[in-house]
Amino acid sequence: MSKKVQRNPRKSPTQARSIATVEVILEATIQVLITQGITYLTCARVAERAGVSVGSIYQYFPNKQALLIAVLNRHLDHVADVIEAVCEEQRGKSLDSIGLAVTSAFVAVKMLRPEVSRALYGLPSDEVTDSIVARTTGRSQLAISKLLSTCADARFNELGLVTSIFTGSLIGPVQLMVTGAIPIERVETFTHHLTQLSIGYLRQVSTPYSSGTE
């Protein structure tokens, strides 16, 4: 019977110094992943890059798999945080405003550090990584669904389906840019085109609505 690999952190940092140490370790993990690839990612290389002892890493992470999971969690949680914040700001606004704001925010957060997004796209898919992606995508979809339900000038009969397709229409094209299929130098034009796609879709699947107030 094979031994199950531990992937969760050993403990969570609580003091400021511990939190700072973990941040340094996770950033070092990203740098090793970017420069050397997942094959050559080891706790020893991460420790050297972070300027800490290997023992310091093992206080928090049992192995490199746990490091990778922590990095992925942090990255995708940040994306979901940004989407949730934008959705909160856009509550009750027009369809055009919502489409522009959500699309622009998603592109911006994924392209803030495209090398990190690119490296994490390369992580192997398994039960653990898939569950993280599903959880964080679910956060974004819930926020977008709640936002669309407040749209000032449109209503959506199949809100769940619309939200899923809208979210997917952002993820696919942005992945093309992150992985280099679309030149990063064209991010401004890319964002404009993707925004038009988003707004056009939302218009087609919605019913115009007026509250009757001036």
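Start at 1 with the first residue, then count along the sequence.
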Does some side-chain heavy atom of Ile171 sit less than 4.5 Å from a side-chain heavy atom of Phe106? yes

Atom pair CD (Gln204) and CD1 (Ile199), whose distance is rounded to the nearest 0.5 Å: 13.0 Å

Are any non-hydrogen side-chain atoms of Val174 and Leu194 less than 4.5 angstrom apart? yes

For residues Ala28 and Val46, report the shortest heavy-atom separation together with the two atoms involved. CB-O, 3.6 Å

Between Tyr209 and Cys151, is any pair of side-chain heavy atoms under 4.5 Å apart? no

Please round to the nearest 0.5 Å and tell me the distance separating atom CD of Glu115 and atom CD1 of Ile30. 8.5 Å

One should read off an interatomic distance between Phe166 CZ and Ile144 CD1, to the nearest 0.5 angstrom, of 5.5 Å

Any side-chain heavy-atom pair from Ser117 and His75 closer than 4.5 angstrom? yes

Side-chain touch Leu95/Phe156, heavy atoms, less than 4.5 angstrom: yes

Output for pair (Ile57 CD1, Lys64 NZ), nearest 0.5 Å, gives 13.0 Å

Flag side-chain contact, heavy atom, 4.5 Å: Asp96 against Leu100: no

Check whether any side-chain heavy atom of Thr179 sits under 4.5 Å from a side-chain heavy atom of Gln175, and report yes or no. yes

If you measure from the Lys or Arg side-chain nitrogens to the Asp or Glu carboxylate oxygens, is any gap between Glu27 and Arg49 under 4.0 Å? no

Glu84 side chain to Ser140 side chain, donor-acceptor N/O pair below 3.5 angstrom: no

What pairs of residues pass the side-chain hydrogen bond (donor to acceptor under 3.5 Å, both in side chains) test when at least one of them lies in residues 146-174, not counting sequence neighbours? none

How long is the span from the CG atom in Leu170 to the OH atom in Tyr201, to the nearest 0.5 Å? 11.0 Å

Counting N and O atoms only, with roles assigned by atom type, does the side chain of Arg118 sit under 3.5 Å from a partner on the main chain of Val178, one being a donor and the other an acceptor? yes

Count I, L, V, M, F, W, Y as connected when their side-chain heavy atoms are under 4.5 Å apart, and connections chain through other members. Are Val116 and Val133 then in the same cluster? yes

Counting distance only, does the side-chain N/O of Thr137 pair as donor-acceptor with the main-chain N or O of Ala134 below 3.5 Å? no

Give the minimum heavy-atom separation between Asp77 and Arg135, together with the two atoms involved. OD1-NH1, 3.0 Å

Indicate yes or no: at least one non-hydrogen side-chain atom of Arg139 is less than 4.5 angstrom from one of Asp81. yes

Please set out all donor-acceptor pairs under 3.5 angstrom arising from side-chain atoms of residues 36-44, sequence neighbours excluded.
from, atom 1, to, atom 2, distance (Å)
Gln36, OE1, Arg45, NE, 3.1
Thr42, OG1, Arg45, N, 3.1

Can a donor-acceptor pair be found, under 3.5 Å and without considering hydrogens, that links the side chain of Ser97 to the backbone of Ser94? no

Spacing of CZ belonging to Arg203 relative to OG belonging to Ser198, to within rounding of 0.5 Å: 11.5 Å

Between Thr103 and Thr195, is there a side-chain donor-acceptor contact under 3.5 Å, judged purely by atom types and distance? no

